[in-house]
Structures are given as C-alpha cells and as structure tokens.
Amino acid sequence: MSLRSCRHTLVCLHLCFGLHGKLPSHSSIRNWLCKCGAYRLEHTENQSSEYVVYVDESISFGSEKILLLLGVSVDAIPKNRSLSHSDMEVLAVEIGNEWRGEQIAKELIKIASETKIKYIVSDEGTNLKKAYKSLNYTHIEDCTHILANHLKRLYHQDADFKLFSNLVGQLRQKWNLSKDNSQYMPPSMRGKMRFANIFPCVNWAKKIVQNWDNLPSCFQEQVLFLKEKEEFIKGLIQVEKVFKMVCQELKTTGFGVLQKKNILNKLLLIESQAGDKLNPKAKVFMENAKLYLNNLENKSKSLKEEFILCSSDIIESYFGKFKTKINPNSRSGLTEFIFTIATFGRAFSIEETQNALENIKCKELKLKKIMKNVA
C-alpha cells in the first residue's frame, strides 16, 4: 500500500465510524516510518544466541548502492518452511558508491561485536567472498546462484543454446506489435542471471513442440529451429526439472541429512524415468548438484549443525520490496527512506513506536543518511 493510500484509508475509516480528529499527510506517515526504521537500527540489543547472517549489495540507485545485512537466530530457524520477513532482524543498512571486500569486512566486524555470527549465506560475489575469507567466516553459497553458475558453464559456449537465445530475442522484437503472432510470443529473458531465468522460455519451446501439428504453417516456418533441435529442447527440459526440484527442496526445508537423502532419491527417480534418453548435459548437471550437496554436508559437519540454510531469497525479497516503494526515475539517489527497510516484517510494539517518534527528530534523519554515506 502506498503512503497516499494509507491516508485515504484513514479518511475512509473516519467517515465510516464517524471519527473526528486530524489526519496525517502522506509526508507525515513517511517521516514516521523513517523514524521507526532508524530507531530500530540504533537499538538492536546484544544477542546471546548465534546468528545466521545474510549479506548482499543492491543494484545502483543513481551513484549509490545499499549494503544490507540481515540475521536470524539459529534457535529461531523454522524447520518446516522457508524464511519470512517476520523471522528476520535487520542488522545493518549502509550506503556507499561501491562495496569492496575490505569495506564489507568492516561492517561484519561491527555486527560481530554485538551478535555472534555462526555462518553467512549469500551469493558468490567476489567482494563478498573476499570479506568472508579475511574474517574466516563459513560461507554457505546460495543454491540458486551456484546452480545457475553450473548452467552457465554447461551452456555458455553451446552453439544451440546461443541460437535458441537469439531466436527468442528476435521473435520478441519481431512479434511485439503483431496481431497474428503475439499469442505465440516467447517470454522475455532477464539479463541478470540469464541462465537461471531461461526456463520460462524453455517451457514456451516445450509447448510449441508439443502442439506443432496444430500451429499455422507460416508460424512453423519461423520457429523451425525448435523442431529441428527437439533433442536439445528435451535436454533443457530435463535440466530444468533437476534445477527446480533441487532449489525447491533446499529453499523450503533447508539442508540436512534427511533433505539430502530426499533430493538424491528424487534425482535417482528422474534418472531412471529418463533411462537411455537422459541428456548428457542433464547428467552432468545432476552430478554438479550432487557435488553441491556434498559441499553443504561437509560445511554442516564443520559447523556442527544438523540443519543449515542455503538460500538467499529472503534478502533479495527485501531489495525487491524496497524498490517497489521508491521512484525509479528519481535523480536524488537514495534518501533517508532507506531506514524503512528496518520496518519490514516484524511489527512494532506501542512502546517501540512511541520511543521512535519521540526520540528521533526529522532533521536528524537526513544527517544520519549523510553520515552513513560518508562512512
């Protein structure tokens, strides 16, 4: 809900219930959110339990980037579902023009002075890994990113994959304004993590091949490549099945001995169902997935943990939620509104809200943001 919608909702409530009194403007509601977020970041209590920490940097907003650190207590990790915003604590929100490994390490040292870090979950960014290595923290690689990197190694130099990617792009451009072919247009391909987001296009190709005889001849001529390379498409479908199954299991239930056994059984089932028709690249990808599971098992043993988290979707969802609340065309870059990230998920008590509104001044918010940028 937007800030203006919040005010309109209050207007409706006043009219429905016959209430009287002043109504806050959307600017006042914005200031309250910023105050609450800033207060929560400043008043994080020292934690006695060990924490799993999530680290990631955002895309650029103007010339600035956000470094976000989230944490969840090891004792509070849900075992039967994936993490939600209500499970997380925002440990730090920092701003910088760039985030080198040394800078990220400094922020982790600040966090470690108040919170015991058990291990860190993130993608395989070079700057992130450099920071973890310098501080000797165990790094659990995000399952989506690491499997996407395996996909990249398998298909990056594959001639058929390049032709398929080019075909998708050309058809989207060609059929964008077409009345006749718009219903057949393939999905768009994201530039970021392209290999992890190719599967909607694979499903599109699968439907085209399955319904080939029912398609107009003029359309068949334009996508003849899909029919000629049907075995290549089937191979991608097998890889997709493995990718989605492994990621879904790890994201939903985390990693442990039982989870590994369940995934290996499902991989064996996929292999037996395919039989002699199992694509060589799908076979290699399955072996890569098994190596990743073995790596997770080794790290869980070194941590002396029976259960570990291995998906960074939660921190990416924070960035996604924040981006929906700001103007992407703003030329002012990041403002004090970044403090609202700390308000995501966990509800505020009456006492915490009162303290935030009374102790944090509006004129201090911009100064706090500037000081973060300078630091």
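Just so it is clear, the values below take in all heavy atoms, side chains as well, and ignore hydrogens, waters and symmetry mates. Here the structure is a predicted model, which means the values were calculated and not measured.
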Participant: Which of parallel (below 30°), tilted (30 to 60°) and perpendicular (above 60°) describes F164 and F161?
Facilitator: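 Tilted.
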Participant: Any luck finding a side-chain donor-acceptor pair between T144 and K251 under 3.5 Å?
Facilitator: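 Indeed, the side chains of T144 and K251 share at least one donor-acceptor pair under 3.5 Å.
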Participant: For E249 and N262: C-alpha separation, side-chain torsions, deciding distance, then whether side-chain hydrogen bond (donor to acceptor under 3.5 Å, both in side chains) applies.
Facilitator: CA-CA 9 Å; E249 291 288 331; N262 188 33; 3.0 Å; yes
Participant: Decide whether L267 and L278 are clustered together by the hydrophobic rule: side chain heavy atoms of Ile, Leu, Val, Met, Phe, Trp, Tyr closer than 4.5 Å, transitively.
Facilitator: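 Yes, L267 connects to L278 through the hydrophobic network.
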Participant: Which atoms form the tightest heavy-atom contact between A38 and I360, and what is the distance?
Facilitator: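 That would be CB-CG2, 4.5 Å.
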Participant: Flag yes if V90 and I66 sit in one hydrophobic cluster, no otherwise; membership is Ile, Leu, Val, Met, Phe, Trp, Tyr, and two members link when side-chain heavy atoms are under 4.5 Å apart.
Facilitator: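 In one cluster with V90: I66, yes.
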Participant: If you measure from the Lys or Arg side-chain nitrogens to the Asp or Glu carboxylate oxygens, is any gap between E297 and K299 under 4.0 Å?
Facilitator: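 Here E297 does not pair with K299 in a salt bridge, since their nearest N and O are not under 4.0 Å apart.
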Participant: Where do N127 and E57 come nearest, in terms of heavy atoms and distance?
Facilitator: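 Here N127 and E57 meet closest at ND2-OE2, 2.9 Å.
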Participant: Which heavy atom of P187 sits nearest a heavy atom of R172, and at what distance?
Facilitator: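 What the structure gives for the nearest pair is O-CD, 3.4 Å.
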Participant: For a quick check under 3.5 Å, do R4 and H26 share a side-chain donor-acceptor pair by atom type?
Facilitator: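 Present: a donor and an acceptor within the cut-off.
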Participant: Going by an N to O cut-off under 4.0 Å, is there a salt bridge joining R30 and E336?
Facilitator: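 Answer for the salt bridge query: yes.
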Participant: Under a 4.0 Å threshold between the charged nitrogen and the carboxylate oxygen, would K65 count as salt-bridged to E98?
Facilitator: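 Salt bridge: no.
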Participant: Could you walk me through whether W175 and Q222 satisfy the side-chain hydrogen bond (donor to acceptor under 3.5 Å, both in side chains) test, starting with their C-alpha distance in whole Å, then the side-chain angles of each, then the deciding distance to 0.1 Å, before giving a yes or no?
Facilitator: CA-CA 11 Å; W175 294 346; Q222 299 182 71; 3.2 Å; yes
Participant: Hydrogens and angles aside, do N203 and E240 bring a side-chain donor and acceptor to less than 3.5 Å of each other?
Facilitator: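 The answer is yes; a qualifying pair exists.
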Participant: F243 vs F285 aromatic rings, parallel, tilted or perpendicular, using cut-offs 30° and 60°?
Facilitator: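 Parallel: the ring planes of F243 and F285 meet at under 30°.
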Participant: Is L163 reachable from I233 through a run of I, L, V, M, F, W or Y residues, each pair having side-chain heavy atoms under 4.5 Å apart?
Facilitator: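 Linked, I233 and L163 end up in one cluster.
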Participant: What are the two closest non-hydrogen atoms of I140 and Y119, and how far apart are they?
Facilitator: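 Taking I140 first and Y119 second, the nearest heavy atoms are CG1-CD1, 3.4 Å.
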Participant: Less than 6.0 angstrom from the centroid, inside 45 degrees of the normal: does R40 satisfy that with respect to the ring of F348?
Facilitator: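 Positive - R40 is close enough to the ring of F348 and near enough to its axis.
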Participant: Please determine whether side-chain hydrogen bond (donor to acceptor under 3.5 Å, both in side chains) holds for the pair N294 and K260, giving the CA-CA distance in whole Å, both sets of side-chain angles, and the decisive distance to 0.1 Å.
Facilitator: CA-CA 9 Å; N294 291 336; K260 180 184 177 182; 2.8 Å; yes
Participant: Could you check whether the rings of H139 and Y132 sit parallel, tilted or perpendicular, using 30° and 60° as the cut-offs?
Facilitator: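 Correct class here is tilted.
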Participant: Kindly determine whether S84 and D87 satisfy side-chain hydrogen bond (donor to acceptor under 3.5 Å, both in side chains), including the steps that lead there.
Facilitator: CA-CA 5 Å; S84 66; D87 299 314; 3.1 Å; yes
Participant: Which atom pair, heavy atoms only, marks the closest approach of G101 to A131?
Facilitator: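 What the structure gives for the nearest pair is O-CB, 3.4 Å.
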Participant: Are V257 and V74 connected in the hydrophobic side-chain network, where two residues link if heavy atoms are under 4.5 Å apart?
Facilitator: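 Not linked; separate clusters.
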Participant: Should the ring pair F344 and Y318 be called parallel, tilted or perpendicular, given that the plane angle runs from 0 to 90° and is split at 30 and 60?
Facilitator: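 Because their plane-to-plane angle lies in the 30° to 60° range, the rings of F344 and Y318 count as tilted.
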